[in-house]
Every structure is written in C-alpha cells, then in structure tokens.
2 protein chains.
Amino acid sequence: MGHLRWIPLLAMIVAVAALAQQQPQAPRPGISVPPLGDGPFVFDTGEQHKIRIVVVTKGLSHPWSLAFLPDGNMLISERAGRLRIFRNGVLEPNPVAGLPEVRAQGLAGLMDLALHPRFSENKLVYFTYHKPNPAPNLPANSPGVITLARGRWDGNALADVKDIFSAIPDANASRIAFGKDGMIYMSVGIADPPNAARAQDPNDLAGKVLRLKDDGTVPQDNPFAGRSGYRPEIFTMGHRNPLGLIVSPENGAIWENEDGPNGGDEINILQAGKNYGWPVVSNGRFYAGPRVTEKPWQEGMEQPLVFWVPSIAISGMTFYTGDRFPNWKGNVFVGAMRQGEIPGTGHLQRVVFNEKTEEIRREPMLTELHQRIRDVRQGPDGLLYLLTEENQAALLRIEPEK
Amino acid sequence: MGHLRWIPLLAMIVAVAALAQQQPQAPRPGISVPPLGDGPFVFDTGEQHKIRIVVVTKGLSHPWSLAFLPDGNMLISERAGRLRIFRNGVLEPNPVAGLPEVRAQGLAGLMDLALHPRFSENKLVYFTYHKPNPAPNLPANSPGVITLARGRWDGNALADVKDIFSAIPDANASRIAFGKDGMIYMSVGIADPPNAARAQDPNDLAGKVLRLKDDGTVPQDNPFAGRSGYRPEIFTMGHRNPLGLIVSPENGAIWENEDGPNGGDEINILQAGKNYGWPVVSNGRFYAGPRVTEKPWQEGMEQPLVFWVPSIAISGMTFYTGDRFPNWKGNVFVGAMRQGEIPGTGHLQRVVFNEKTEEIRREPMLTELHQRIRDVRQGPDGLLYLLTEENQAALLRIEPEK
C-alpha cells in the first residue's frame, strides 16, 4: 500500500498550484480537491464489492438532471439554460434548440427533466426552469419565476415549447416526476428564515410539492382542492429545498428528499395532504450555529423516513432496480455535495432498507473522488449514471468490475 | 491522478486473497480493508490542510486507551488485560506487571486509564476493567464486574493495585476522567433491550455516569446523595454506551459521548442529576430496522449537543488545545469505528463549535485509511495520537506536514 501516500501528494501539488493564485492567509474550511482524472477508477464497496467508475464525458457545466430517451441517448439539463444531448457515445457540442430564456443564478436556472409516460406516442419532454420575472423593481438576486414547461422532441430539438404552470417567484430549486397515476409531481423549495415560514403557509406554493395534470392544470382529487385558504395545487407541505423526487417502482409512492440546513437532510415518503415540518420541526442547525427548533418532533408533523446529521447536502436520488448489481437491488442512491459543511467531501450514498422499508445501513461511496454529485439515475442498461456539480462537470457511470 | 486507480486494485488483491479463504457466496455488507501500510500518509484536511499520519508503532492488540506520563512516555491498555508501555520510542514487548486478573471478551476487558491529578506526588494510575464475577451460575457470556482500580507507578510496574469501586455485572464498557473538582467520573454502559431499561432505573448503576472520590467512596454533594431509591454514586443517567469522557479545558464541564444503535451516537455536556434519555428518547434505529422511539424528544430529558445519523460507531474523544494545529484549536476529535453500519469505513471526525458551543462543522478525516479508531488523545507535544481497534493494531500520530 506504499502507493497510498502519493495520491495526497499529487492532490497537494495541484492544490498548492491553485492556492498560489489565491490569498494564502485565511484558513478555508474545505479540503483542496484535485481535478477529476480520466479514470476509470476502481473501488471496493459494501455488498457489491468491486465497482468501476467510468468517466463517460466531461465538458458539462453545472448539469442538474438527465433523462434517457427510448433510443438509449440521453438529455442533460445545464443550469445556465442549455439542454444537451449525449448521442451515440458523444456529448454534442451544440445545445438542443427550442428552450425558452432562462434566468440562471445561484441555484436557479434550467432544472429537472422528465419524459411523459407516453413519450413514445406524444414525444413530450417536461422541464422546470426559472423564468425571468416580468414584475418591475424586483431585487437583482431574485431567482425568477419557477415554471413547468413542455415541448415536443423532434429528434434534434424541442418544438412547440410552452409554459404550462408557473409558481411564485423567490422560490428555490425544483424537481419533477410523473407518478404512476399519470400526474406530475413538482417540488418548489424555499430558503431559510425569514422566508422559511412560507413552507407552512397553505396559500403559498413555496416549500411544497405540487400535483398537476400533464397539461399543468389542477386535478380535482388533490388533497386541498376546493378548501378555502389553500392552494389547490398542493400535494404536501412543510418542505425546505427538495432536490430529489422519485417514484417507488414497487408501490408507486412518491419519495422526496430535501436539503436541510446544517443537519437535517431527509428522505420522506409523501402522503397526500401531510405536513413535513419545515421550519417548525427540524433536526438541523442554522449555519451560524443555533438549532432551527429546540424540539425535533411535533404532533401532526411527519418525521422523515431517513435523515442525515451532519448534512450531506443531499441532491438527486434513484431506486436501483437493475440486474447488474444484484446485491444493490432495492437500494436507494442519493448524491451528496459535501459532508458536515466541509467543502471537498462530495460523494454518493447508498441506503439499504429491510422488507418493511426500515433503514438498516447507509454507505458513503466514491469518497476518494471528492466530487459533488448533483444527480444519480439508473440507465436502461441497469448501470448507474452520475452528474457531478462543477463548472467543468462530468457524466460518470458505475459498472461492475469483472 | 492516474495513480488513483491503482490503490483500490492493490486493496482488491489483498481482499481477494483474504476472500479466497472464505465462503464467497454470501454478500458481506462491509468493504474489504487492506492491512495498514507503514506510512507516513499525507492527506489534505479542512482548515489545517496538509497533515501527515505517522505509524508510531504496530504490534498492539485491541488497545482501549492511552495515558501520557510526565516523562513523555505512554501507558496503553489492551483489552485482553495487558498494560503496555511505550518508552523512549519503543513499544516494550513485555506488559507492565501488577495488573489484576481481567475477564476479557467482546467489548469487556481492561478499559480506560487516567493519572491522578497529583500523579507527580502520588504516582497513582487509575484504570477500569471487568473482573471475573465470583457469583455462581452466571451465563458464559457474562462480561464480569466492571471495576475501578488504582495502583502506584514505580517506573516499571504497578504496585499496591487495589479495587476501589465495583459496579454491577452485565454492564458494558467504561471510561474514566478526573474532573477539575478532583472527583473521578466513571461511565457504565448498558446494552439494548431488554437490558436497556436499566439506564432509567435510579437504583441501578448501568447506563449511568458515576461521580466518586479518588478513593472510590461517594462524595456527599452528589446529585442523588441521600435520596431514597437512588444510588448515590449517580451523576447522570439515561446513557447507552459511553465511549468517550473528557473534561473541558475551558470551563471544566464533563463532556461524554455515547455509542447509539443504528443512528443516535451523541455528545452530551453532563449536568448533575440530568437524564440523557436512553432508551426512552433516541434518534436511532435498532439494527434490525425499527426506530428505538417514535418521538425523539421528551420533556425532562436532555437533547444531545451533537448527534450522528447515521452512526459512526463513536469511540474515544479529545479536545484539541495545542499550538501545532492552530486552526484546529478548540475543536473536538472523536474516533469512528465505521459509518452507517458499513464495516471498513472507520475514520476520525473533527467537530467545530462557535463561541457559544454550537456546532458549525464536522469533518470526516483519514477515511482513506479505513481504520477503526478506538481512542484519540492530545500528546504533551501538541500532536494528536490515535489507537486503531484491531487484532494487529497501531498507534498513529498526526503531525503538520511542512
């Protein structure tokens, strides 16, 4: 194992070179991260043991989501407002045409992608994005209006793109997923106080998961439809910043994860009309130190299925249902941007449940790569695909190592 | 970074060789861990950046604790019942003479070490251990009677060793620490149900932290002294398995950490007479999956200062007060035996507090070494010393890398 000592040294040379261009005085909380190599990388992991990480492509910028087309090609959203296509093993240099103007800044921009359940017939691609806000006198850092849109995939571009639903401005990121009921579930996050209280306001869409028809209108069987003082789009409330939204392949339940503050990242199984507690109940602390709430429990508010203390800065999520990693079947994978508020500690996590959906294990994986993982998806080939969150980002694939 | 791919390959060769002697069919949850190399290892870390890990000595067996003598030499307890001395840079092959018979099995055996605050005058070394239980008909796996003893260090051996306090049998591991009040604080752990309820029984010493005089008798100002139905030795109650017990250099407060089940490892600042909740309130799950408690909060029970979900299988703990790592001053370090119930993920954690003792960051460190860390202590040289928990265990030192 004598080689082990050289890795950090190499990392250090890169880090020192990078630091030479910065102010060296102030101690920075994070660890120095070398650029991602070309791979492949081989790691030992729990249950499945040897895996290989292949760098499928570099050249992405802050990708947010990916969707597999039936032909095996892949659409990838980039936060700045570009939709990319990875076709026949190549990331095409020009973005897909047809996207609307996107207001990209901070964690706002082009967000999630989802194909219509009958995509093979109607070719509809759904996406969420932040739209420039037409209202006058908004603050310069206003993130824009979070909007659900769809367009028709013509094989090269999106045609007939139109907005089908707009939420309020000043709300955070968004994920979307089609349920087995044919409805589209859409998350709308919210920041810390003073705005966080909006997550508990039933007349406000921030801090909620919404349930919409595939044309953006409100289904009549929504939990608060027709109830005075409640927005009828709401499916669940009391969320902070949902960054993963997936459908259980087993029973169709909607699984949501959300980014907590310092501590309190969580996975919830959503039940219509329930309140998931933010910011009244939280296991986390504000970044400056104080607890969000002294009591991490309250009658009438749901406890998370899984939560993380310290935070992992949770991101995209998937169930694993394939055959290529038989010992991982039924596991949930989530991306992690960092751990414990220390930059440079991004990785992937695997969560193992028993037959009653009670957690029994959690594995931090790919920690050696120090990559922030924005999204994780299962491919039609039964392999796992990851997007790194960087200015120079990569698409990674996890394969069994023979 | 092309070298990175070779490390796991090397690990794999070792792992495969080890696996060849086992049944290959059953998937094991853990990752394969190669033997610790000879080092040194250089890593980048938060705030302090480049550090070097030096393997000071190998050749230890399941060490539990270490204590620095005023001459800079070091006593190390091994669970099997041996007290070792590391003198003038060498681990002496023969154990220190004078120790009593120890009942070692599972997590029982020779435990913690502490020097009397006036050691330079009285040469007294205190230690805890499991004593063979004289009672007849005990089950074969009974851990013995957890006992506090002391002996006089004559420079080569412990003389005049005598037991000064015995707790009940069937209790878990123990740590000891001398408070600034001159009293000795001693933890007595307890297992999961059906025994866990003993942690809430004020007439039982299991699941408690005790406060004793330096001769093992009970101070009259203990919180429950003279109260009917309460053991007078109790300082705090409702603990699961305390594995770290230290004194704040700033204000003399007793900081305790305890190993939770799956989730729920915690650090508490102990206040006389308070109840820390086990097993009535916990953030963890039993290993099979169910939550320990549906409500992680209850009136009259203390919330932890810091807790971990998932568990890190927390172990020894220290404050860092030295000058060799100026950016780590005031940080707390804890050993971790694994993360998320995945064997092979042992490491060290660093916890950063603000001036109000509110946590603001936590860093997993030394993850690349995959070592279970049983204890961490600050040396008189201002460096950090770690004991790994293995059959072939090592003493490691963390130094700044120039």
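Convention: sequence-line order gives letters A, B, ...; per-chain numbering from 1. Given the structure is predicted, the values throughout are model-derived calculations rather than measurements.
Between the B/N331 side chain and the B/V352 main chain, no donor and acceptor come within less than 3.5 Å of each other.
Under the salt bridge (Lys or Arg N to Asp or Glu O under 4.0 Å) criterion, B/E399 pairs with B/R52, B/R397, not counting sequence neighbours. Residues that satisfy the salt bridge (Lys or Arg N to Asp or Glu O under 4.0 Å) test with B/E256, not counting sequence neighbours, are absent from this structure.
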Test side chain to side chain contact (heavy atoms under 4.5 Å, CB included) applied to B/L369 and B/L36, step by step
CA-CA 7 Å; B/L369 291 181; B/L36 179 69; 4.2 Å; yes

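In this structure, OH on B/Y320 lies 10.0 Å from CD1 on B/I398, to the nearest 0.5 angstrom. Expressed to the nearest 0.5 Å, how far OG of B/S311 lies from CZ of B/R285 amounts to 12.0 Å. Separating the CZ atom in A/F333 from the CZ atom in A/F319 is a distance of 12.0 Å, to the nearest 0.5 Å. Separation of atoms CD1 (B/I314) and CD1 (B/I373) is listed at 13.0 Å; rounding is to 0.5 Å.
The stretch residues 340-349 of chain B places B/G340, B/E341, B/I342, B/Q349 near chain A, each with some heavy atom under 4.5 Å from a heavy atom of that chain. Contact annotation for residues 291-303 of chain B against chain A (heavy-atom separation below 4.5 Å, listed by residue number): B/R291, B/E294, B/K295, B/P296, B/W297, B/Q303.
Contacts between A/Y287 and chain B at a heavy-atom distance below 4.5 Å involve the backbone alone (N, CA, C, O). Only the side chain of A/N354 comes within contact range of chain B, with at least one heavy atom under 4.5 Å from a heavy atom of that chain. Neither the backbone nor the side chain of B/D38 comes within less than 4.5 Å of any heavy atom of chain A. When heavy atoms are compared at a cutoff of 4.5 Å, A/R361 approaches chain B by way of both its backbone and its side chain. Proximity to chain B involves both the backbone and the side chain of A/P290, based on heavy atoms less than 4.5 angstrom apart.
No side-chain heavy atom of A/E368 sits under 4.5 Å from any side-chain heavy atom of A/F41. B/N257 has its side chain out of reach of B/N268: every pair of non-hydrogen atoms, C-beta onward, lies at least 4.5 Å apart.
Chosen from A/P310, A/G30, A/P326, A/G263, the residue pairing most often with chain B at heavy-atom distances under 4.5 Å is A/P310. Chain B forms more heavy-atom pairs under 4.5 Å with one residue of A/V306, A/I31, A/T367 than with any other, namely A/I31.
Using modelled atom types and a 3.5 Å distance limit, the side chains of B/S32 and A/D44 yield a donor-acceptor pair.
Here the two rings, on B/F353 and B/W255, have centers that are under 6.0 Å apart.
For the pair B/E266 and B/R240, the salt-bridge criterion is not met [side-chain N within less than 4.0 Å of a carboxylate O].
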